[in-house]
Amino acid sequence: MSDLLRGKLVVGNWKMNGGGAANAVLLAGVVAGWQARADREVVVCVPFPYLAQARDALAATPIAWGAQDVSGHAAGAHTGQVSAGMLAEFGCRYVLVGHSERRQECGETDAVVAAKAVAARREGLIPVVCVGETLAERDAGQWQAVVTRQVDAVVQRLGADSARAVLAYEPVWAIGTGRTATPQQAQEVHAHLRALLCSAGGPEVPMLYGGSVKAANAGALFAQADVDGALVGGASLDAAEFLAIAGA
Ligand code: 13P
């Protein structure tokens with residue numbers, strides 16, 4: 001993982017978008033337009049039904065792929081859930097954990113998110129743990145308390161294995177709104193999280209910024225000392241735009 005700290009990690013989150021034909025075009029475009037670079041890791045996280053399509057299209061390419069969620073349970077009576085073991089057996093390398101849309105729409109608590117991160121690590125997957133405050137929390141001056149609580153919950157469960165995780169700071173007010181955090185706002189939060197992990201004796205983990213990242217703002221975000229890459233939503237559905245971010 002320390003390799004990623006020397007370069008940039010760019011993860012596309014397709015969310016609940018796509019379809020067989022559109023995915024084929026998008027994946028082909030990403031493959032055709034990207035050449036391996038030692039200082040970049042490019043990943044796409046796709047809906048479960050399209051994991052096989054991503055695996056086949058991205059085999060023998062420098063682009064990694066993963067899922068958008070994983071169960072905190074290992075196996076058993078959990079209808080509709082997908083275990084980390086299943087994802088690992090399938091060949092996934094990455095999995096998003098605790099995205100704000102899942103925290104909000106599926107009621108995922110910090111404890112649930114931590115259990116998912118632990119389950120992912122147990123199977124060797126790299127969890128991309130998402131944290132971030134709402135607009136109301138930011139306006140109330142609570143962003144530090146919120147992201148600290150969210151990160152603490154995961155790091156306490158993962159312990160030293162946190163070194164094999166990725167953190168993604170995604171302010172909820174910047175997701176899908178076109179309102180990106182300024183590079184300075186992102187840096188301020190990332191520096192806080194870096195210091196938090198250091199003071200806990202924790203490892204250096206890559207920290208991605210997410211929220212309305214586009215080719216036009218990626219360079220300025222990546223220029224920040226503690227921004228190690230991006231988690232890209234809408235713009236990851238356009239191969240040229242996504243690769244322009246990856247190359248920024
Ligand atoms: P947008 O890039 O569409 O704002 O989405 C960000 C996000 O939620 C990525 O996980």
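Indexing begins at 1, ligand by ligand and atom by atom, following the structure's order.
Glu41 and Arg93 are joined by a salt bridge, as a carboxylate oxygen and a charged side-chain nitrogen come within less than 4.0 angstrom of each other. Salt bridge status for Asp228 with Arg194: present, with a side-chain N to carboxylate O gap under 4.0 Å. Asp69 and Lys116 are joined by a salt bridge, as a carboxylate oxygen and a charged side-chain nitrogen come within less than 4.0 angstrom of each other.
Every atom of ligand 1 with a heavy atom of Ile175 under 4.0 Å away is listed here by number and element: 4 (O), 5 (O), 6 (C), 8 (O). For ligand 1 and Leu231, the ligand atoms under 4.0 Å from any heavy atom of the residue are 9 (C), 10 (O). Taking every non-hydrogen atom of Ser212 and a distance limit under 4.0 Å, the qualifying atoms of ligand 1 come out as 1 (P), 2 (O), 4 (O). Those atoms of ligand 1 with a heavy atom of Gly211 less than 4.0 angstrom away are 4 (O), 6 (C).
Within the structure, ligand 1 has Lys15 among the residues with a heavy atom less than 4.0 angstrom away. Proximity of Ala235 to ligand 1 is not established, as no heavy-atom distance is less than 4.0 Å.
Scanning the protein for heavy atoms near atom 9 (C) of ligand 1, the closest one is Glu170 OE2, 2.8 Å. Of the protein's non-hydrogen atoms, the one nearest atom 3 (O) of ligand 1 is Gly234 N, 2.8 Å. The protein non-hydrogen atom at the shortest distance from atom 2 (O) of ligand 1 is Gly233 N, 2.9 Å.
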Exercise for the section: Determine, stepwise, if the pair Asp110 / Gln150 fulfils side chain to side chain donor-acceptor pair (under 3.5 Å). Expected result: CA-CA 6 Å; Asp110 292 335; Gln150 292 173 331; 4.7 Å; no

Handout entry: side chain to side chain donor-acceptor pair (under 3.5 Å) assessment of His192 paired with Thr148
Key = CA-CA 9 Å; His192 167 74; Thr148 300; 2.7 Å; yes

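No donor-acceptor pair closer than 3.5 Å links the side chain of Arg138 to the backbone N or O of Trp143. Proximity of a side-chain donor or acceptor of Asn217 to a complementary backbone N or O of Ser212 within less than 3.5 Å is detected. Panel note: side chain Glu108, backbone Val113; no donor-acceptor pair is recorded below 3.5 Å.
In Asn13, the part holding a heavy atom less than 4.0 Å from any atom of ligand 1 is the side chain. Contacts between Ala174 and ligand 1 below 4.0 angstrom, taking non-hydrogen atoms only, involve the backbone exclusively.
Glu241 pairs by the side-chain hydrogen bond (donor to acceptor under 3.5 Å, both in side chains) definition with nothing, not counting sequence neighbours.
At a 3.5 angstrom cut-off on N or O pairs, Thr177 does not count as close to ligand 1.
Nearest-residue assignment for atom 4 (O) of ligand 1 (options Gly178, Gly176, Gly210; heavy-atom criterion): Gly176.
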